[in-house]
Amino acid sequence: MEENVKKIRVRFAPSPTGSIHIGNLRTALFAWLFARNNQGAFLVRVEDTDRKRLEEDSLKKIFEALKWVNLSVDEGVFLNENNEISQKGELGPYIQSERLEIYQKYIQELLENGKAYYCFCSEERLEEVHKKQQAEKQPLMYDKKCRDLDSEEVQTKIKNGEKYVIRMKIPENEIVKFNDKVFGKISVKTEIIDDQVLIKADGFPTYHFAVVVDDHLMEISHIFRGEDWIPSTPKHVLLYNFLGWEIPTFVHLPNVLGEDKKKLSKREGAVSVEDFRKKGYCPEALINFLALIGWNPKTEQEIFSLEELIKKFSIEGLNKAGGVFNYQKLNWFNKEYIKVMSEDLFEKNVLEFLSEDLKEKILGNSSAFKKILPVLKERIEKFEDISEMAKAGELEYYFSQPEYEIEKILWKEEKDLNQAKVHLEKIISSLEGVTSFKEEEIKTKIWDYATEQGRGSVLWPMRYALSGKDKSPDPFVLAEILGKEETIKRLQYAIGKIN
Ligand code: GLU
């Protein structure tokens, strides 16, 4: 347990600006594991104050992703059993756009205490200021023009309907210090902190203001978020001080990196949780894999169930260095999870990745389908591979007689179709006597003949007659899956084409 006697309360605070990035899912996962490990609460708060970046449907996608990976929400925004976005808990609302009055109350307090001020500078003016700073190689900051306007002037401007924002009055010549559980002690001079906008011209708070107010009012004990937020944290610390609030514990998480050691981005391929779902990754594998990026369980063990992760997780195991997202490693994890997947679930997943056409054929021949499942299980890393196999025609032949040019049943440079026919006829007569139509028995019946005549010359035509493909499992596996009757039928079909 944490040393803190206060109840552990953590939050995941997504902005509905698109699908959920895999790095954000990992943030949510660590916060969730920490809450579960300490009998705490996991809250979800929606940060939708950046009205220009909102994306419809984004919320749904975010919550479906959380549900898919099984991260249950104790408080705040969640997806109810009818798949609708809803809220639960005493300290709501948990969607920032529904909390505007609350932010008003605290901004008034800051204005009254001289910790914030109205700024009437136009966007054009701010641009000019930035341009000048850029030319002089200065940091881009507000030049504090409105910081000391007298209150009468301010009132007149407001009365005249001038547009304004409210900025934070960063104290001069101070050092802001805070401690981060992962990155350690951090201190920053206030000279380099901008007079941050707290309330925008549209009346909405900025992230920085809303996050502090909400984390305080929602009694958050530990703030888990990406390391990108470290530079913003001094402003937050100042706000906590201005408002006389206790500062929560910061737990900034190292970035999830691509192979190029830069923050994982679309350049590398799939990055949103939705992408991974569409590719047919198992949620348990994704979670297991993500948990080990930036966190060290300090054992050799790699496969962890969610329950085991809860037991093992601790903030002390988090690394400062970014963790690389290695797709091959993810595929390895996924294969491990596929190996132990129940037959029913495996079957259900396979069907989801097939076209309607093929599904129909398959369901019309369910005994062959059941037999190919173990073959598929061996061959795939993720369920999208099933669609790829289907597209390459590697599934269809299990369910219907394949079409092919008869010359293709000849092994390598061979030319004599009549010789192939002799082999196929011999195979048929050997198979007729096989009672239990199993791979091993089929092989035993044909092996000596094939060895004597040349294995390629005998087994290639057999395999080709069964699959119609240059590549497929070996003919004994195919024959067992197809069954005696269908196998013989396909061999006869080939013979028929030769005649
Ligand atoms: N809304 C912010 C984001 O989506 C959350 C940052 C935080 O956790 O404080 O990144």
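The structure displayed is predicted, hence computed values, not measured ones. We count ligands from 1, going down the list as the structure has it; atoms in each ligand are counted the same way.
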Please check if any side-chain donor atom of Ser19 sits under 3.5 Å from a side-chain acceptor atom of Glu274, or the reverse.
yes
Do Asp214 and Tyr94 have side-chain N/O donor and acceptor atoms under 3.5 Å apart?
no
What is the ring orientation for Phe224 with Phe313, classed by angle as parallel under 30°, tilted 30 to 60°, or perpendicular over 60°?
tilted
Atom pairs and distances, side-chain donor-acceptor, residues 104-113, under 3.5 Å, sequence neighbours left out:
unit_1: Gln104; atom_1: OE1; unit_2: Gln108; atom_2: NE2; d: 3.4
unit_1: Asn113; atom_1: ND2; unit_2: Glu109; atom_2: O; d: 3.3

Lining ligand 1 at under 4.0 Å, by non-hydrogen atom distance, are residues Arg11, Ala13, Ser15, Glu47, Tyr207, Val211, Arg225, Trp229
Using distance alone, with no hydrogens and no angle criterion, decide if Tyr117 and Asp148 have a side-chain donor and acceptor under 3.5 Å apart.
no
Describe, in one word, how the ring planes of His236 and His208 are oriented to each other, choosing from parallel (under 30°), tilted (30 to 60°) and perpendicular (over 60°).
tilted
